[in-house]
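So the structure is just underneath, and the comments pick up after that.
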Amino acid sequence: MSRSSLCKWSGAVACAGAVLVGAGGAEVSATPLTPFRYEAQAQRHCPHDRVVWLDFRKGVYYRKGQKRYGQGFEGSFVCQSEARDGFYRRSLLGLR
């Protein structure tokens, strides 16, 4: 099956995936995140790391003490090193 017929058959999402897979090149892999509902669970998972609130929609994480730490429905508590390795960026909003 050619790429053009695949794009017509599967839609734009499959087309983008086929082009990326077919392109080859360097592989980029992120460390898998281990999201937790509660801060204490995340702290037990990574006792020697800082726990942050990861906002999946915005692609940023908040540290404890920031206004949006632990806020929202589209986020989770994770280890800071996992968030950084997953290419999430630190939010500068609400730093004290």
Side-chain angles (χ1 to χ4, degrees):
M1 182 180 279
S2 69
R3 286 187 189 163
S4 60
S5 62
L6 179 67
C7 292
K8 291 177 185 174
W9 180 73
S10 302
V13 174
C15 177
V19 171
L20 288 174
V21 170
E27 293 183 26
V28 176
S29 64
T31 303
L33 291 171
T34 310
F36 295 96
R37 181 179 174 111
Y38 300 105
E39 183 180 8
Q41 293 171 324
Q43 193 63 64
R44 282 193 299 273
H45 175 71
C46 51
H48 303 293
D49 197 6
R50 180 178 288 179
V51 173
V52 297
W53 175 257
L54 186 62
D55 188 331
F56 297 116
R57 187 174 54 85
K58 293 181 181 178
V60 298
Y61 64 87
Y62 302 97
R63 296 162 85 177
K64 195 168 192 167
Q66 289 182 289
K67 183 177 180 180
R68 296 189 180 184
Y69 180 80
Q71 302 293 315
F73 297 107
E74 297 177 354
S76 211
F77 292 103
V78 297
C79 303
Q80 183 174 349
S81 61
E82 289 180 4
R84 285 182 177 170
D85 292 344
F87 303 111
Y88 289 91
R89 66 187 190 283
R90 179 176 56 119
S91 172
L92 299 176
L93 293 175
L95 285 178
R96 295 180 189 177

For this session: Verify whether one side chain among Y61 and R84 offers a donor that lies under 3.5 Å from an acceptor in the other.
Result: yes

Exercise. Going through the distances and angles, do Q66 and S91 end up as a side chain to side chain contact (heavy atoms under 4.5 Å, CB included)?
Worked result: CA-CA 9 Å; Q66 289 182 289; S91 172; 4.3 Å; yes

Problem set entry | Closest contact, heavy atoms only, C46 versus V51 | SG-CG2, 4.4 Å

Indicate every side-chain donor-acceptor pair of residues 70-80 with a distance under 3.5 Å to a residue at least two apart or in another chain.
| from | atom 1 | to | atom 2 | distance (Å) |
| --- | --- | --- | --- | --- |
| E74 | OE1 | R57 | NE | 2.9 |
| S76 | OG | F36 | N | 3.2 |
| S76 | OG | F36 | O | 2.9 |

Exercise. For the residue pair E82 and L33, what are the closest heavy atoms and their distance?
Worked result: O-CD2, 3.4 Å

For this session: Over all heavy atoms of both residues, which pair between Y88 and V60 is shortest? Give the atoms and the distance, please.
Result: CD2-N, 4.1 Å

Exercise. Would you say Y38 has more than 12 foreign heavy atoms packed within less than 6.0 Å of its OH?
Worked result: no

Seminar exercise, completed: Hits for side chain to side chain donor-acceptor pair (under 3.5 Å) against Y69, two or more places apart or cross-chain, chain-then-number order -> E39

For this session: Check for a donor-acceptor pair, side chain of Q43 on one end and backbone N or O of D49 on the other, with a separation under 3.5 Å.
Result: yes

Exercise. Going through the checks in order, is the side chain to side chain contact (heavy atoms under 4.5 Å, CB included) test met by R68 and K58?
Worked result: CA-CA 12 Å; R68 296 189 180 184; K58 293 181 181 178; 2.4 Å; yes

